[in-house]
Number of protein chains: 2
Amino acid sequence: MSVSIFDVAKLADVSISTVSRVINGREVVHPRTRERVESAIAQLGYKPNAFARGLMLHKSEIVGLVLPDIHGEFYSEIIRGANQQARKMGYNLVVSSAHDGADSYSLLVTLEQRSLMDGVAIMISELTDRIEELLADVRIPFVILDGDVKDQAYDSVVIDQKRGALAMMRHVVGECGARRVIFVGGLETNVDTAARLEAYREVLGENGLTYDPADVYHLDYQYDTAYRLAKQELQRWVGADHCVFSANDEMAAGIVAAAGAMGVLVPSELAVVGFDDTRIAQMTRPALTTVRVPMSEMGARAIELLCDRIEEPDRPATHIVLEPELVVRESCGYAANRLKTL
Amino acid sequence: MSVSIFDVAKLADVSISTVSRVINGREVVHPRTRERVESAIAQLGYKPNAFARGLMLHKSEIVGLVLPDIHGEFYSEIIRGANQQARKMGYNLVVSSAHDGADSYSLLVTLEQRSLMDGVAIMISELTDRIEELLADVRIPFVILDGDVKDQAYDSVVIDQKRGALAMMRHVVGECGARRVIFVGGLETNVDTAARLEAYREVLGENGLTYDPADVYHLDYQYDTAYRLAKQELQRWVGADHCVFSANDEMAAGIVAAAGAMGVLVPSELAVVGFDDTRIAQMTRPALTTVRVPMSEMGARAIELLCDRIEEPDRPATHIVLEPELVVRESCGYAANRLKTL
DNA sequence: TATCTCTTTGACAGCGCTTTCACCACAACA
DNA sequence: TGTTGTGGTGAAAGCGCTGTCAAAGAGATA
């Protein structure tokens, strides 16, 4: 079959131990011997078998990143950050994701087969009991991304979703003067949506605005769905001091597009704000006021935590909280209003 | 350390061979024995060590997908298709990508360490000699995506870029009546760009339009860059029978946005068309006329080819060519013109 | 009872690698 | 001369698993 360490040893006329020493370079080998071995390796095109290596060393130098769905701008930023950090720490990153129609359950089962990885960062958007149960079964080191982790024993890196949503709501109500806010979120089970909704109600209360359940919608984070909903509901929403607070930029963009199609002016007749600050926020006309979520950093911190734990399994669990940042653009009407006032 | 097949054997009071038989389920084991073993496995929470398994079987049931850059809509579709197909064929997919600043060289080196995978699908957008050389070094089965592969010995799945570009150019010139077309492409080394440019020149010739090198721009496929270029050049471009043919939707969207910002009406004062039919094409106002590229199918076919080859290493190389499809929307002005004519 | 199936099981040899331990030179010291 | 130390090397024991082969036991037949 393929060439093994034994073939190299034979060609270089040394023992396999010596070949191994040359490969791993941590013990002293006589320069003359080293050269002989190296040339044998080159001549045969030898590459160590990663399985055998992993079997001995109990490590592969590969870490995984598991996402609920790989779709969209949002995730590519996480991957990007994670990738860079992994290389920096001497690991290789592989990414996997749940496929259409399958829930995170199959994602975790899959993950289990992946014991070839030294560790894994798992992004959890909907934390069900079943997932938590499965998590307890994972043998390799792991960290949780963005999940509302009850069990503080896990390493985690989360975004302070609520704080970001509070900032946005306070901007919209306090600074832009909205008197009615329509909330368009993801599914109720989604942890991000839950946090944003909490902030929504809180700020409504702070400002003496009544909370109307009919103004809260639960969608699927998609552009199209939001577009269709908006086409249908826009008439009910319109108002100079009304604002739609969408739980992500994509839906916000869909709503803005629907408004455009129906002749509703944004922001003068209806303000619309988003969340995430993906590229679509800048591409939308008017550009979306949104909340920047440090995606790339989230990926990077998660991998950093993970690699640290791999190397030091017994250190106490670390929890990193990343702060989002309000980004004011045009769709909230703040800039336009200020201009008028001045 | 962790629990091994030996521990299970001891607890169930059988030999490790029997445990192995139960795990792999292909040989007959007495039901009573099987039950004992299974309960021991459950009790200990035993999971076979993937390294040891791989070492014996020379396979991991994992295939890889290597992308030049994981960024953007474009790639997520490939991943999605690849993912689905991999599961269908009983493999798990992992994805890896080059990181910022590093070229595909480091991507391939990385890949080499990944001999834990049974095979790999490699997307190549710029085929340099060095890459081709490195490709020759890859030991595991692989297929090439979208690369202009000179060596027909490799399995490959490519999009018929030129045909798509021809269709678009003929639509723009022949059906929409453009008399001057500005081409905005990616880097000259990019194989897709090269194919599109070829079609561009060909159709210009067919219609007696002169090819002007000053009307050809080489950018980086990014929204921002195109936006800036357009802001600067738009004055030179404007014209009722002029059209900008962008090599991807993102740049086309940037150009449309720049036109909007400068008060140039699309399509009446300048038509703009894109390529790829990513979601941004529908989100742009006016919606982009573009060429749909079957990304998801490309991913799926690549993985299918790959898994076939893994299972049957000696079959001859297969080359799949996928056909793109013209998608006429608003930004080319065709619909508007027809309305006027009727 | 002796012999021959057939089913079920266990012993054990690897897979390709790392690592310990022992060993051999040879130099440096007493 | 004998002892100790040191750089360089090889033999061999696993890592946790699969798969071959032979043996043991249970029935069936003579």
Side-chain angles (χ1 to χ4, degrees), chain A residues 1-41 44-62 112-118 139-140 310, chain B residues 1-41 43-62 112-118 139-140:
Chain A
M1 269 221 24
S2 104
V3 31
S4 83
I5 196 171
F6 198 80
D7 304 305
V8 177
K10 198 153 56 182
L11 182 61
D13 195 28
V14 292
S15 73
I16 58 167
S17 327
T18 300
V19 178
S20 173
R21 276 188 272 262
V22 169
I23 295 166
N24 298 295
R26 50 169 117 275
E27 275 171 89
V28 231
V29 179
H30 192 97
R32 253 202 324 275
T33 320
R34 145 163 289 122
E35 205 173 307
R36 270 214 324 280
V37 172
E38 272 165 357
S39 96
I41 288 176
L44 296 171
Y46 166 73
K47 297 215 190 86
N49 178 308
F51 290 115
R53 207 136 198 268
L55 182 54
M56 278 305 294
L57 301 178
H58 293 286
K59 61 181 312 200
S60 60
E61 249 121 40
I62 294 178
E112 285 292 44
Q113 301 165 2
R114 292 258 200 307
S115 45
L116 295 169
M117 304 183 305
D118 293 341
R139 289 283 191 278
I140 53 179
I310 290 168
Chain B
M1 282 218 12
S2 104
V3 30
S4 84
I5 196 172
F6 197 80
D7 304 305
V8 176
K10 198 152 57 181
L11 182 61
D13 195 29
V14 293
S15 74
I16 57 166
S17 323
T18 301
V19 177
S20 173
R21 274 188 273 263
V22 169
I23 294 165
N24 297 295
R26 49 166 115 277
E27 275 172 85
V28 230
V29 179
H30 193 99
R32 254 203 323 274
T33 321
R34 146 164 286 121
E35 205 173 307
R36 268 214 326 278
V37 172
E38 272 165 355
S39 94
I41 289 177
Q43 195 177 324
L44 296 171
Y46 166 73
K47 298 214 191 82
N49 177 308
F51 290 115
R53 209 139 197 257
L55 182 54
M56 279 305 295
L57 301 177
H58 292 286
K59 62 181 311 202
S60 61
E61 249 122 38
I62 294 179
E112 284 293 43
Q113 301 166 0
R114 293 258 199 305
S115 47
L116 296 168
M117 305 183 305
D118 293 341
R139 291 282 189 277
I140 53 179

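The model shown is predicted, which means the values in this text are computed figures rather than measured ones. All values below come from the heavy atoms of this structure, side chains included, with hydrogens, waters and symmetry mates left out. Proteins get letters first, then strands, A, B, ... in listed order; numbering begins at 1 in each.
Comparing C:dC17, C:dT19, C:dG10 by their closest approach to the side chain of A:Asn49 singles out C:dC17. Listed candidates were C:dG10, D:dG16, D:dG8. Nearest to the side chain of B:Ser15 is C:dG10. Side-chain proximity of B:His30 to the nucleotides D:dC15, D:dG19, C:dT9 is greatest for C:dT9. Comparing D:dC17, D:dG8, C:dT18 by their nearest atom to the side chain of B:Pro48 picks out D:dC17.
In this structure, CD1 of B:Ile23 is placed 10 Å from C1' of D:dG16, rounded to the nearest angstrom. When rounded to the nearest whole Å, the span between NZ of B:Lys47 and P of D:dC17 equals 13 Å. Atom NZ in A:Lys59 sits about 11 Å away from atom P in C:dT19, given to the nearest Å. If you measure from atom NZ of B:Lys10 to atom P of D:dC17, you get 14 Å, rounded to the nearest angstrom. The distance between atom CZ of A:Arg36 and atom P of D:dG8, rounded to the nearest whole Å, is 14 Å. The interatomic distance linking A:Asp13 (CG) with D:dG8 (C1') rounds to 15 Å, in whole Å. Spacing between atom CG of B:Leu55 and atom P of C:dA13 amounts to 17 Å, rounded to whole angstrom units. Regarding B:His58, its NE2 atom lies at a distance of 13 Å from the P atom of D:dT18, rounded to whole Å.
Without hydrogens or angle criteria, B:Ser60 side chain to B:Leu116 main chain gives a donor-acceptor distance under 3.5 Å.
Residue contacts shown for A:Thr18 are limited to sugar-phosphate atoms, with no base heavy atom under 4.0 Å away. Using a 4.0 Å heavy-atom distance criterion, B:Ile16 is classed as a base contact.
Between A:Val29 and B:Tyr46, the one whose closest nucleotide on DNA chain D sits nearer the 5' end is A:Val29. Between B:Glu27 and A:Phe51, the residue anchored nearer the 5' end of DNA chain C, judged by the nucleotide with its closest heavy atom, is B:Glu27. The 5' end of DNA chain C is approached more closely, in terms of each residue's nearest nucleotide, by B:Arg34 than by the other of B:Met56 and B:Arg34.
Contact annotation: side chain of B:Ser20 to base of D:dG19, donor-acceptor pair absent below 3.5 Å. Interface remark: the B:Arg21 side chain does form a donor-acceptor pair with the C:dG10 base, using a distance-only criterion of under 3.5 Å.
Contact check, A:Asn24 against C:dT18: a side-chain N or O comes under 4.0 Å of OP1 or OP2. A sub-4.0 Å separation between OP1 or OP2 of C:dT18 and a side-chain N or O of A:Arg53 is present. The shortest distance between the side-chain N/O atoms of A:Ser4 and the OP1/OP2 oxygens of C:dG16 is not below 4.0 Å.
When each of B:Thr18, B:Val19, B:Ile23, B:Asn24 is tested with B:Arg21 by the rule side-chain contact (heavy atoms from CB on, under 4.5 Å), just one qualifies, namely B:Thr18.
Ion pairing between A:Arg36 and A:Glu38 fails under the 4.0 Å rule for side-chain N and carboxylate O.
Atom CG of A:Leu55 sits about 13.5 Å away from atom CZ of B:Arg53, to the nearest 0.5 Å. Going from atom CG of A:Leu44 over to atom NZ of A:Lys10 covers 10.5 Å, rounded to the nearest 0.5 Å.
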Can you check side-chain contact (heavy atoms from CB on, under 4.5 Å) on B:Val37 and B:Ile41, steps first, answer last?
-> CA-CA 6 Å; B:Val37 172; B:Ile41 289 177; 4.0 Å; yes
